[in-house]
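When reading the values below, keep in mind they use all heavy atoms of this one structure, side chains included, and skip hydrogens, waters and symmetry mates. Counting starts at 1 for both ligands and their atoms, in listed order. Note that the structure is a prediction, hence the values are computed from the model and not measured.
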Amino acid sequence: MKVIYSEECAKHAPKYEILSGNLVDYFESPVRIEIIKSHLQSFSSSHNYTFHESTDYGIDAILAVHDSDFVQYLKTAYDEWCQEGGDKNGILPEAFPHKNMPSFGRNSGAATAIAKAGHYCYDLSCCIMGGTWLAAYASAQVTISAAKALMEDCSLPNENGPIGVFALCRPPGHHATNNLCGGYCFLNNVAIVARLIISATSKKVAILDIDYHHGNGTQAIFYSTSNPIYVSLHGHPDYPWFSGHASETGEGEGEGYTVNVPLTTETDDKKYLEALRSVIQKIIAYEADFLVVSLGVDTFMHDPIAGFNMTSGVYIEIGKHIKSIGKPTLFVLEGGYHLETIGINVGNILEGFNS
Ligand code: SP5
Ligand code: ZN
């Protein structure tokens, strides 16, 4: 199995975030992907993992999902902030334009770097520092490179079931919308490659989001389209708080092509697998040609910011269930913050898929 990565992904490394009102060390840290990479490397002979540095395919696929003013903001926010005398640790919003404020919906209200931060970001987890754009761009390029590898390799014979490629990337993507960052996410990697695969092949794509959190950004981007279908299992009620209800099913041409399965906190292996089996039936019925998995392992019982009760062993079963869909599969890393187990848990999903 090909694993795509980039050293550039480490360049976004904020010191702190504000979590539930407390200043805490940044959970979405660069060591996450180092740990996963060394875990997979320790298995690479038996499981046939090969490691490939990403290629830079340029900005076009990113601009097919994200507004150009938002991309410009991500590129320039830190420099503007520094020119205005801001702290070298980076920029976080100070106020958000809520719907009863006069400048709501008007970019003209965002004159300074910190006002723009409130305009383009919806929480306090997306500090922008000197390397943030480089890392977010690299994360998207890792995912694009992985998608290209999958499209090339999926026509090759593979006696061991469907082919898979793993995009070992960070920062993650599924909370980012066309014009907002949040939830550690700046560019929506999965949305970028779903749209890329559709435009390159004219085929159908299914997105299966198994991160603990609802992928509000991915849902929003594809809410009005029937391709891709977006399917999410997530803890509820929990972050991002204002999306992920079962009643959100898409609109217009997209009606019925968003599927949300909110699960109560304390969900365990058995309940999770039951829910997964039911959504897999929906994905099979959709008859997708490609599967893109938003792969988070923050569903693990000891994850520091989430609430499920799942064990490491269940990830092998999850991988086998994903394999049973039988389609070329792109795994894209999202969340997972329990550093002691992030390697084994991600490795177990891939092992289940490759078994
Ligand atoms: C990609 C991804 O997994 N992003 C998640 C961002 C979550 N940020 C807010 C987490 C809120 C946690 N609140 C409960 C803390 C319990 N100790
Ligand atoms: Zn998550």
Counting heavy atoms only, which part of [X] comes closer than 4.0 Å to ligand 1: side chain, backbone, both or neither?
| X | value |
| --- | --- |
| Glu28 | neither |
| Asp211 | side chain |
| Ala306 | neither |
| Asp123 | neither |

(message) Under 2.8 Å from the Zn ion (ligand 2), is there any N, O or S atom belonging to Asp211?
(response)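 Yes - counting backbone and side chain alike, Asp211 has an N, O or S atom under 2.8 Å.
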
(message) Among the N/O/S atoms of His213, which is closest to the Zn ion (ligand 2)? Give the atom name.
(response)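 Atom name of the closest N, O or S in His213: ND1.
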
(request) Compare Gly183, Pro171, Gly235 and give the one whose heavy atom is closest to atom 4 (N) of ligand 1. (result)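 Looking at heavy atoms only, Gly183 sits closest to atom 4 (N) of ligand 1.
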
(message) Just to confirm my output: which protein heavy-atom neighbour is closest to atom 14 (C) of ligand 1, and how far is it?
(response)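 Sorting protein heavy atoms by distance from atom 14 (C) of ligand 1 puts Ser20 OG, 4.0 Å first.
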
(request) Considering heavy atoms of the protein only, find what lies nearest to atom 2 (C) of ligand 1 and give residue, atom and distance to 0.1 Å. (result)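 Of every protein heavy atom, Tyr337 OH, 2.8 Å lies nearest to atom 2 (C) of ligand 1.
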
Can you say whether the rings of [X] and [Y] are parallel (under 30°), tilted (30 to 60°) or perpendicular (over 60°)?
| X | Y | answer |
| --- | --- | --- |
| His234 | His236 | perpendicular |
| His213 | His175 | perpendicular |
| Phe70 | His66 | tilted |
| Tyr26 | Tyr184 | perpendicular |

(message) Distance check, rounded to the nearest 0.5 Å: Arg170 atom CZ versus Ser29 atom OG?
(response)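 Answer for the CZ-OG pair, Arg170 versus Ser29, is 6.5 Å.
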
(request) Report, as yes or no, whether the 6.0 Å neighbourhood of atom OH on Tyr223 holds more than 12 heavy atoms from other residues, nucleotides or ligands. (result)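 It does: Tyr223 OH has more than 12 such atoms within range.
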
(message) Is there a polar contact, in the sense of an N or O pair closer than 3.5 Å, between Tyr184 and ligand 1?
(response)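 No, since none of the N or O atoms of Tyr184 sits under 3.5 Å from an N or O of ligand 1.
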
(request) May I ask you to check if ligand 1 and His213 share an N or O to N or O distance below 3.5 Å? (result)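 N/O-N/O distance under 3.5 Å: yes.
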
(message) Using ring centroids (six-membered ring only for Trp), state whether Tyr212 and Tyr239 fall under 6.0 Å.
(response)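 No - the distance between ring centres of Tyr239 and Tyr212 does not fall below the 6.0 Å cut-off.
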
(request) Just jot down the ligand 1 atoms closer than 4.0 angstrom to any heavy atom of Ile305, in number order. (result)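 Matching atoms, with element in brackets: 7 (C), 12 (C).
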
(request) Find all atoms of ligand 1 within a distance of less than 4.0 Å from any non-hydrogen atom belonging to Gly335, and give their numbers and elements. (result)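 Going through ligand 1 atom by atom, the ones under 4.0 Å from Gly335 are 3 (O).
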
(request) Could you walk me through whether Lys148 and Glu152 pass salt bridge (Lys or Arg N to Asp or Glu O under 4.0 Å), step by step? (result) CA-CA 6 Å; Lys148 299 238 184 206; Glu152 269 170 32; over 6 Å; no

